[in-house]
Q: 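Dumping the structure here so I can ask a few things about it.
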Amino acid sequence: YHSGIGLANDITPAGGFFLEFMGTLLLIFVVFNVAVWTGKPLENDIAGSTISALAPLPIGLAVAVSHLTLGPLTGCGINPARVIGAVVWEGKDWWDGRSGKAFWIYIAGPLTASLVGPLIYAALYGTVSPGSAGKGQSKVAAV
């Protein structure tokens, strides 16, 4: 594939959906835990805005892990816009092939993960409001 998007021979469409879902869920969950948690750094951040400034590092690492893991299996879409942009120039051969017929996984997997990710975050922390994850938790006294 010229675009890099395509299912490996031993991956079923259901397996591809699950892989795309998990890759996107990882990214969304990292974004919520880093960017949302540091949304109001002066109120709940031990180091002022330093952790907020470093938020792109774990987000970038999550993208790297997703691409390294899913690349050989599904081409690692994890973003419907990226997939559409990549395969628009593939031509008829890609759309008629196995991956083109399973194109729905590159849309449905990330969209489903974008709904489930915030729900998991809310279930764990009780909120999805920026900067409020650390509120209400006991603080350890300095010894």
Side-chain angles (χ1 to χ4, degrees), residues 1-140:
Y1 304 110
H2 299 289
S3 67
I5 299 296
L7 289 175
N9 289 332
D10 56 344
I11 302 295
T12 65
F17 170 82
F18 178 74
L19 292 168
E20 288 292 321
F21 172 83
M22 291 305 294
T24 306
L25 185 66
L26 170 71
L27 176 60
I28 289 173
F29 201 67
V30 167
V31 167
F32 264 80
N33 275 292
V34 175
V36 173
W37 185 78
T38 61
K40 296 180 183 174
L42 298 178
E43 293 179 13
N44 65 0
D45 192 341
I46 58 172
S49 62
T50 302
I51 293 176
S52 177
L54 296 176
L57 290 176
I59 294 169
L61 288 172
V63 171
V65 166
S66 291
H67 278 274
L68 289 172
T69 305
L70 301 178
L73 304 173
T74 65
C76 190
I78 71 170
N79 180 349
R82 175 214 169 314
V83 173
I84 292 169
V87 302
V88 74
W89 300 108
E90 281 286 340
K92 189 175 185 215
D93 292 338
W94 189 89
W95 292 100
D96 289 339
R98 189 169 164 268
S99 297
K101 291 177 181 164
F103 182 70
W104 63 271
I105 68 170
Y106 298 103
I107 307 295
L111 289 178
T112 305
S114 70
L115 298 173
V116 172
L119 293 176
I120 292 173
Y121 185 86
L124 289 174
Y125 298 109
T127 182
V128 289
S129 178
S132 60
K135 292 180 181 177
Q137 297 175 358
S138 62
K139 298 183 180 183
V140 178

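Fair warning: this is a prediction, and the values are worked out from it, not measured in the lab.
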Q: Can you tell me how far OG1 of Thr74 sits from CZ of Phe17, rounded to the nearest 0.5 angstrom?
A: 12.5 Å
Q: Is the closest side-chain heavy-atom distance between Leu25 and Ile120 below 4.5 Å?
A: yes
Q: Between CG of Asn9 and CG of Leu73, what distance do you get to the nearest 0.5 Å?
A: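 Answer rounded to 0.5 Å: 11.5 Å.
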Q: Please check if the side chain of Tyr106 supplies one atom and the backbone of Cys76 the other of a donor-acceptor pair under 3.5 Å.
A: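 No; judged by distance alone, with no hydrogens or angles, the pair does not exist.
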Q: How close do Ala55 and Val34 get, heavy atom to heavy atom, and via which atoms?
A: CB-CG1, 3.1 Å
Q: Working note: Leu27 + Val31, criterion side-chain contact (heavy atoms from CB on, under 4.5 Å); need CA distance, chi angles, decisive distance, verdict.
A: CA-CA 6 Å; Leu27 176 60; Val31 167; 4.2 Å; yes
Q: Check step by step if side-chain contact (heavy atoms from CB on, under 4.5 Å) holds for Met22 and Leu70.
A: CA-CA 10 Å; Met22 291 305 294; Leu70 301 178; over 6 Å; no
Q: Quick check for you: to the nearest 0.5 Å, what is the distance between Ile105 atom CD1 and Thr112 atom OG1?
A: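 Going from CD1 on Ile105 over to OG1 on Thr112, the span is 11.5 Å.
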Q: So which heavy atom on Ala113 is nearest to which on Pro118, and how close?
A: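 Closest heavy-atom pair between Ala113 and Pro118: O-CD, 4.3 Å.
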Q: Is the Tyr121 ring parallel, tilted or perpendicular to the Phe29 ring (thresholds 30°, 60°)?
A: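 Rings of Tyr121 and Phe29: perpendicular, over 60°.
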Q: How long is the gap from CD1 on Ile59 to CG on Asn33, to the nearest 0.5 Å?
A: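 Going from CD1 on Ile59 over to CG on Asn33, the span is 10.5 Å.
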Q: Would you compute the distance between atom OG of Ser66 and atom CG of Asn79 and round it to the nearest 0.5 angstrom?
A: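 Answer for the OG-CG pair, Ser66 versus Asn79, is 11.5 Å.
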Q: Under the side-chain contact (heavy atoms from CB on, under 4.5 Å) criterion, do Phe103 and Ile84 qualify, and how do the steps go?
A: CA-CA 9 Å; Phe103 182 70; Ile84 292 169; 3.8 Å; yes
Q: How far does CD1 of Ile11 sit from CD of Glu20, to the nearest 0.5 angstrom?
A: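 Here the interatomic distance stands at 11.0 Å.
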